[in-house]
Chemist: 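Below are the structure tokens for one structure; questions will follow.
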Amino acid sequence: MSNQKKNDENRMEQIVALCKRRGFLFQSSEIYGGVNGFWDYGPLGTELKRNVRNAWWEDMVSTHDELSCLENAPKPFAMVGLESSIIMHPQVWKCSGHYDLFHDFMVDCTESKKRYRFDHMRGRWAEAERKTKSEGSDEVTVETVKAFITSMEPGEEVEESITANALKFFGLKSKYRDKINWLSEVLPISSIDNLQEAVAPEATRKGTLTEPREFNLMFKTTLGALGGADDAAFLRPETAQGIFVNFKNVVDSSRVKIPFGIAQIGKSFRNEITPRNFTFRSREFEQMEIEFFCHPDESSQWYEYWRNRRFNWYTSLGIAAEHLILREHHKEELAHYSVGTADIEYAFPFLSEGEYGELEGVAHRGDFDLRSHMEGKLDSDLNVELNEHGQPKHRGSGKDLSYFDDQARERFVPHVIEPSAGADRGTLAFLCEAYQQDEQPDDKGKMQSRTVLKLHPRLAPVKAAIFPLIKKEGMPEVAAKIYHEFREAGISAQYDQQGAIGRRYRRQDEIGTPFCITVDGQTADDQTVTLRDRDTLKQERIPINKVTEEIQSRLGR
RNA sequence: GCGGGUGUAGCUCAGUGGUAGAGCGCCACGUUGCCAACGUGGCUGUCGAGGGUUCGAAUCCCUUCACCCGCUCCA
């Protein structure tokens, strides 16, 4: 393990400790021992996450001007909001593909302790002589063994990989590969009746695989108090489908014209097998998603536009561009109808150097989603998937979700660009980026380490703290007056008269408060207070009657 | 789900079978008065949870939960 990674691990531990100590994040149900994959936001964390959500909503929706063309945008466009329900008609998830995809079957190898996706495992029947030495004697028995030799190798390399595994299993050198008698072509493992005949990819003997077990990644619940099996419903695993199923409602009710976007912030739920890395992978999480609907011919331009705009959003709120990457998915990773998908990823401290974790995916989804809800679940070739009777496997709504452009006299199913961000991941990234330890002189000029959250002022949970320098000579009253004024003006502020002034500054540094205002001996003489900056520690004197105004202007964008 | 590690005060940790501790923090009072000050006093624990062994368990054993690391997974 590199030193870099060790430092980063300590750094992550320190961030987690700070989050708990100062009330940003707690483990859910902690007094009962906690639940894996669930987190609670404390008083400061709630403010921080709310600020992240608000910044997103303001920047994407409420301050959006559909009459003007934004910088680098192909043309003006409208943005509207939506709040759809968490539980939806079960058919939504069948047509979206989540129902089939989230029912993965997995097998475990009891020898190698590896777990494999059952539907990805392939193999060939083979037969060869195998020498076995019985225990406790030198007697060697030679017997002809038949087995199903498996591999997880995708694509064309599977055959070579199976051969290598077979040589290992039969104890043969590669020059004797002719001794293996192949009894079948490459087959999916689901084609064999008895898993005891299979040799797992990293096993040395047969029959180490467990029976396939289902991992349902969607949380299941029941509609109605007496609901039976037919009343099964699911907590949504993404917010996007709530937008697609309301596409027609929005078009019919809000006078929006294509191109336009529908934005939504809301909770989603995935029963992750391994929640890990603080709030990065949680089972309950919040998404901030836009589904942007446009003409198919313009979709590539819009994809470029959203990809770049969303990347810049993170840097505009203080994440250094060198800690972010815009990772374009390879062509092989893409569904073939998609022009592109890009992940905006952040160098989280819990990852190794050079590794990044996803904050947001920007995907070109073509007309896949709307058509699936019209016609039924589509396969990767955009054909409706059929069952054994030649009927749609999952029937769509049958409703027409196409759009009619009455100026061009053209009807089409819009293409979709989907910038889908994780609110909790974003919040965590802003916290990680802001966390810094620096050295500042104490009252004797000796350097002391300081923990500071250099949060962007828009995101800081507390915008300003107001202190009386000492607890007498009328200073607390003046400070309290400023505090009241701030609260009335809607500025999130704290009042603190406890302890030495230096300690109070450091307390605020640790929670990322950008500005501290101190009422001192001079205040009574000339009606000024000091304004101290979190990052530079510089102080300047501001007239007391201008202080609210001054803070508001410094918080402005 | 597997393997390894960890779990003691708000935080960081000491405590290997015999009365639960330290530092930091927090609170009060006094002094000082612009960057983690000093003095005095105070607060905080079902030792992660449940069970067992024992005269006696934070300590030994079993089960379980959570966190960290490595696998696995990640539409």
Chemist: What distance, rounded to whole Å, do you find between the two C1' atoms, one in U12(B) and one in U6(B)?
Modeler: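 Per the computed distance, 15 Å lies between those C1' atoms.
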Chemist: Under 3.5 Å, which N/O atoms of the protein pair with N/O atoms of nucleotides 23-29 of chain B?
Modeler:
unit_1 : atom_1 : unit_2    : atom_2 : d
G25(B) : OP1    : Arg503(A) : NH1    : 3.0
G25(B) : OP1    : Arg503(A) : NH2    : 3.0
C26(B) : OP1    : Arg507(A) : NE     : 2.9
C26(B) : OP1    : Arg507(A) : NH2    : 2.9
C26(B) : OP2    : Arg503(A) : NH1    : 3.3
A28(B) : OP2    : Gln498(A) : OE1    : 2.9
A28(B) : OP2    : Gln498(A) : NE2    : 3.1

Chemist: Calculate the interatomic distance between Ile470(A) atom CD1 and C34(B) atom C1'; express it in whole Å.
Modeler: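 After rounding, the reported distance stands at 12 Å.
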Chemist: Tell me whether Lys94(A) forms a cation-pi arrangement with Tyr99(A), defined as NZ or CZ under 6.0 Å from the six-membered ring centre and within 45 degrees of its axis.
Modeler: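 Yes.
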Chemist: So, is Asn277(A) near the phosphate of C69(B), with a side-chain N or O under 4.0 Å from OP1 or OP2?
Modeler: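 Yes.
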Chemist: Tell me, yes or no, whether the heavy-atom count around Arg21(A) atom CZ, taken from other residues, nucleotides or ligands under 6.0 Å, exceeds 12.
Modeler: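 For Arg21(A), atom CZ is crowded (more than 12 foreign heavy atoms under 6.0 Å).
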Chemist: Between atom CD in Glu473(A) and atom C1' in G33(B), what is the gap in whole Å?
Modeler: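 About 9 Å, once rounded to whole Å.
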Chemist: Are Tyr495(A) and Phe467(A) an aromatic pair, judged by ring center distance below 6.0 Å?
Modeler: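 Aromatic pair excluded; centres sit 6.0 Å or further apart.
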Chemist: Under 4.0 Å, counting only non-hydrogen atoms across every strand here, what does Ser96(A) touch: a base, just sugar-phosphate, or nothing?
Modeler: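 Since no nucleic acid heavy atom lies under 4.0 Å of Ser96(A), the category is nothing.
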Chemist: Of the non-hydrogen atoms in Ala460(A) and Leu455(A), which two are nearest, and what is the gap between them?
Modeler: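 That closest heavy-atom pairing would be CA-CD1, 4.1 Å.
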Chemist: When the distance from CG of Asp509(A) to P of C35(B) is rounded to whole Å, what number comes out?
Modeler: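 Spelled out: CG on Asp509(A) to P on C35(B) is 13 Å.
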Chemist: Heavy atoms under 4.0 Å, any strand shown: does Phe278(A) hit a base, just sugar-phosphate, or nothing?
Modeler: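 Answer is sugar-phosphate: Phe278(A) comes under 4.0 Å of backbone atoms only.
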Chemist: Expressed as a whole number of angstroms, how long is the span from Glu540(A):CD to C35(B):P?
Modeler: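 In whole Å, C35(B) P and Glu540(A) CD are 17 Å from each other.
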Chemist: Tell me whether the rings of Phe38(A) and Phe219(A) are parallel (<30°), tilted (30 to 60°) or perpendicular (>60°).
Modeler: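 Rings of Phe38(A) and Phe219(A): tilted, as their planes differ by 30° to 60°.
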Chemist: In whole Å, measure the gap between the C1' atoms of A20(B) and G15(B) for me.
Modeler: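 Nearest-Å result for A20(B) against G15(B) at atom C1': 8 Å.
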Chemist: Base, sugar-phosphate or nothing for Glu238(A)? Non-hydrogen atoms, less than 4.0 Å.
Modeler: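 If one applies the 4.0 Å heavy-atom cut-off, Glu238(A) turns out to touch a base.
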Chemist: Which whole number of Å gives the distance between the P atom of C35(B) and that of G41(B)?
Modeler: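 My reading of the P atoms in C35(B) and G41(B) gives 29 Å.
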Chemist: With sugar-phosphate meaning primed atoms plus P, OP1 and OP2, does Gly37(A) contact a base, only sugar-phosphate, or nothing at under 4.0 Å between heavy atoms?
Modeler: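 Counting heavy atoms under 4.0 Å across all strands, the contact made by Gly37(A) is with sugar-phosphate only.
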Chemist: Write down the protein N/O and nucleotide N/O pairs, taken from nucleotides 6-14 of chain B, whose separation is under 3.5 Å; answer none if there are no such pairs.
Modeler:
unit_1 : atom_1 : unit_2   : atom_2 : d
C11(B) : OP1    : Lys20(A) : NZ     : 2.7

Chemist: With a 3.5 angstrom cut-off on both distances, give the Watson-Crick or G-U wobble partner of C67(B), or none if there isn't one.
Modeler: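 Per the H-bond distance test, G5(B).
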Chemist: Examine Phe280(A) together with Phe348(A) and report whether their ring centres are nearer than 6.0 Å.
Modeler: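 Yes, the ring of Phe280(A) comes within the 6.0 Å limit of the ring of Phe348(A), centre to centre.
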Chemist: Looking only at side-chain N and O atoms, does His323(A) offer a donor or acceptor that is under 3.5 Å from a partner on Glu433(A)?
Modeler: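 Indeed, the side chains of Glu433(A) and His323(A) share at least one donor-acceptor pair under 3.5 Å.
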Chemist: Check the orientation of Trp39(A) and Phe278(A). Use parallel for under 30°, tilted for 30 to 60°, and perpendicular for over 60°.
Modeler: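 Because their plane-to-plane angle is over 60°, the rings of Trp39(A) and Phe278(A) count as perpendicular.
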Chemist: Searching all strands shown, indicate the nucleotide that pairs with U54(B) (Watson-Crick or G-U wobble; both distances under 3.5 Å).
Modeler: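 In the structure as shown, U54(B) has no Watson-Crick or wobble partner.
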Chemist: Give me the distance, rounded to whole Å, that separates G70(B) from G56(B) when you measure between the C1' atoms they each carry.
Modeler: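 Those two atoms are separated by 40 Å.
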Chemist: Would you say the base of C35(B) and the side-chain of Arg532(A) have a donor-acceptor pair closer than 3.5 Å?
Modeler: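 Such a pair exists between side chain and base.
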Chemist: For C26(B), what is the paired nucleotide under Watson-Crick or G-U wobble rules, both distances under 3.5 Å?
Modeler: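 Partner of C26(B): G42(B).
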Chemist: Would you please test Leu209(A) and Met121(A) for side-chain contact (heavy atoms from CB on, under 4.5 Å) and show each step?
Modeler: CA-CA 12 Å; Leu209(A) 289 173; Met121(A) 192 179 272; 3.9 Å; yes
Chemist: If you assign Gln539(A) and Asn36(A) each to the RNA chain B nucleotide with the nearest heavy atom, which residue ends up on the more 5' nucleotide?
Modeler: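 It is Gln539(A) whose nearest nucleotide is closer to the 5' end.
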Chemist: Hunt down the Watson-Crick or G-U wobble partner of C34(B), both distances under 3.5 Å, from any strand shown, or write none.
Modeler: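 Partner of C34(B): none.
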Chemist: Distance check, P atoms only: C61(B) and C67(B), in whole angstrom units.
Modeler: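 Taking atom P in both C61(B) and C67(B), they lie 24 Å apart.
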Chemist: Going by atom types alone, do Asp369(A) and Ser372(A) pair a side-chain donor with an acceptor below 3.5 Å?
Modeler: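 Side-chain D/A pair, Asp369(A) to Ser372(A): absent.
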Chemist: So which nucleotide does A20(B) pair with, by the Watson-Crick or G-U wobble rule with both distances under 3.5 Å?
Modeler: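 The base-pairing partner of A20(B), which may sit in any strand shown, does not exist here.
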Chemist: How far does the C1' atom of C11(B) sit from the matching atom of A36(B), given to the nearest Å?
Modeler: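 Rounded to whole Å, the distance is 15 Å.
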Chemist: If each of Gln27(A) and Glu510(A) is mapped to the nucleotide of RNA chain B with the nearest heavy atom, which maps nearer the 5' terminus, i.e. the 5' end?
Modeler: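 Mapping each residue to its closest nucleotide by heavy atoms, the 5'-most match is Glu510(A).
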Chemist: Could you work out the separation of U16(B) and G10(B) based on their C1' atoms and round it to a whole Å?
Modeler: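 After rounding to an integer number of Å, I get 28 Å for this pair.
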Chemist: With rounding to the closest Å, how many angstrom separate the C1' atoms on U63(B) and C26(B)?
Modeler: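 Roughly 38 Å separates the two C1' atoms.
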Chemist: Please report, rounded to the nearest Å, how far the C1' atom of A37(B) is from the OH atom of Tyr505(A).
Modeler: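 Answer to the nearest Å: 15 Å.
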Chemist: With no hydrogens and no angle check, do the side chains of Gln241(A) and Ser96(A) hold a donor and an acceptor under 3.5 Å apart?
Modeler: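 Judged by distance alone, the side chains do not pair up.
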